[in-house]
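This one's a predicted model, so the numbers in the text were calculated from it and none came from an experiment. Hydrogens, waters and symmetry mates play no part in the numbers below; they use all other heavy atoms, side chains included.
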Amino acid sequence: MDTLRTEVTPEVRVPVGPLASFLRFVVCGGGVGLLSSAAVPLVALTMPWVVANAVITVASTLLCTELHARVTFGTGRRPGLREHWRSAGSATAAYVVTCAAMFVLHTVQPSPSMATEQIVYLGASALAGVGRFVVLRLFVFAGGTEKGTRKPRRMGTRARGAWFAPTVTVVRGWGHTPAYGVRVAAPPVR
C-alpha cells in the first residue's frame, strides 16, 4: 500500500513587471483615494472635519500599504513596521509636493480660476504619484532588504567590511519540517 507524502514547499515570489505594478498602483491607490474622499464627510458628521480627515488619512495610508505590498508589488507577505513608516513618509512627501504646487500657483497668480487650480493640483498629484511609485518600487518594496528575506550565504562568508562580525546563515528545516533555523559561526582568526 502506498502512503501519501505531503511536502511543504517555500513560497516563491513572482516578480511583477513595472507596467503591471504601475497599473495596480493606480487602481489600488485611486480606489482607496475615492473611498477615502467619500468617507471623510461621513466621519465628519460625528467629529470635527480636521480630525475626520486625519483619521481617514491614517487608515487609508495603512490600507494602501497593505494593498501595495500584497497586490501592487507582489511581495507575498504583509508589510512590516519599516515598510509602513517608509510608505507614510512617501505619502507625506507627495502631500508636500501638492501643497507646494498650490502655494506657488497662488503666489504667481493671487486669484486663479477653479479650472487652473484643478489643473495645477491634478498635475502635481500625478507627478507626486509617479514619484511615490518609484520610491515604493525601488526602496520600500524592492525585496531582499528585510530581515529573513536575504539570500542565505555559505558558512564562513561575511558581508564586505565585516571582518570582525560573526557569520549568520538562515537554513530551511530538514525533510518536510517547515521550521527555519539559524547557525552562527565565529569569525576566523587572522
Side-chain angles (χ1 to χ4, degrees), residues 11-150:
E11 290 185 25
V12 177
R13 180 178 177 238
V14 178
V16 180
L19 182 60
S21 61
F22 183 73
L23 292 175
R24 291 176 183 182
F25 176 81
V26 170
V27 170
C28 289
V32 170
L34 289 174
L35 289 174
S36 298
S37 65
V40 170
L42 294 175
V43 174
L45 295 174
T46 61
M47 61 184 69
W49 192 90
V50 173
V51 176
N53 189 26
V55 167
I56 296 299
T57 298
V58 168
S60 66
T61 302
L62 290 171
L63 177 61
C64 270
T65 304
E66 292 285 336
L67 287 173
H68 290 324
R70 294 179 180 196
V71 177
T72 303
F73 301 108
T75 62
R77 62 179 176 79
R78 292 190 64 191
L81 189 58
R82 177 178 288 164
E83 286 98 349
H84 277 292
W85 278 111
R86 288 179 176 176
S87 180
S90 70
T92 303
Y95 174 76
V96 168
V97 166
T98 55
C99 287
M102 295 307 289
F103 176 76
V104 168
L105 171 66
H106 283 275
T107 301
V108 172
Q109 188 176 2
S111 43
S113 68
M114 188 180 292
T116 304
E117 286 181 329
Q118 284 295 328
I119 289 169
V120 169
Y121 178 77
L122 291 175
S125 293
L127 180 65
V130 169
R132 185 162 188 252
F133 171 77
V134 170
V135 166
L136 291 176
R137 181 164 173 89
L138 296 179
F139 300 109
V140 178
F141 299 113
T145 59
E146 290 301 311
K147 179 180 174 185
T149 60
R150 290 190 177 114

Does any N or O in the side chain of Arg86 come within less than 3.5 Å of the main-chain N or O of Phe139, such that one atom is a donor and the other an acceptor?
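Yes, because the side chain of Arg86 sits within donor-acceptor range (under 3.5 Å) of the backbone of Phe139.
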Is there a donor-acceptor contact under 3.5 Å from the side chain of Thr75 to the main chain of Ala69?
yes
Nearest 0.5 Å, what's the [atom1]-[atom2] distance between [X] and [Y]?
{"X": "Leu62", "Y": "Thr57", "atom1": "CG", "atom2": "OG1", "value": "11.0 Å"}
{"X": "Ile119", "Y": "Ser113", "atom1": "CD1", "atom2": "OG", "value": "7.0 Å"}
{"X": "Thr72", "Y": "Phe133", "atom1": "OG1", "atom2": "CZ", "value": "8.5 Å"}
{"X": "Tyr121", "Y": "Cys99", "atom1": "OH", "atom2": "SG", "value": "8.0 Å"}
{"X": "His106", "Y": "Thr116", "atom1": "NE2", "atom2": "OG1", "value": "9.5 Å"}
{"X": "Thr65", "Y": "Phe141", "atom1": "OG1", "atom2": "CZ", "value": "5.5 Å"}

Over all heavy atoms of both residues, which pair between [X] and [Y] is shortest? Give the atoms and the distance, please.
{"X": "Leu138", "Y": "Ala142", "answer": "O-CB, 3.3 Å"}
{"X": "Cys28", "Y": "Val71", "answer": "SG-CG1, 4.0 Å"}
{"X": "Thr61", "Y": "Ala88", "answer": "CG2-CA, 4.1 Å"}
{"X": "Arg77", "Y": "Glu83", "answer": "NH2-OE2, 2.9 Å"}
{"X": "Arg137", "Y": "Ser21", "answer": "NH1-OG, 3.1 Å"}
{"X": "Pro112", "Y": "Glu117", "answer": "CG-CG, 3.8 Å"}

Would Ser87 and Leu136 satisfy side-chain contact (heavy atoms from CB on, under 4.5 Å), going step by step from the backbone distance to the final call?
CA-CA 7 Å; Ser87 180; Leu136 291 176; 4.0 Å; yes
Any side-chain heavy atom of Pro18 sitting closer than 4.5 Å to one from Phe22?
no
Kindly assign one of parallel, tilted or perpendicular to the pair His68 and Phe25, based on the angle between their ring planes and the thresholds 30° and 60°.
parallel
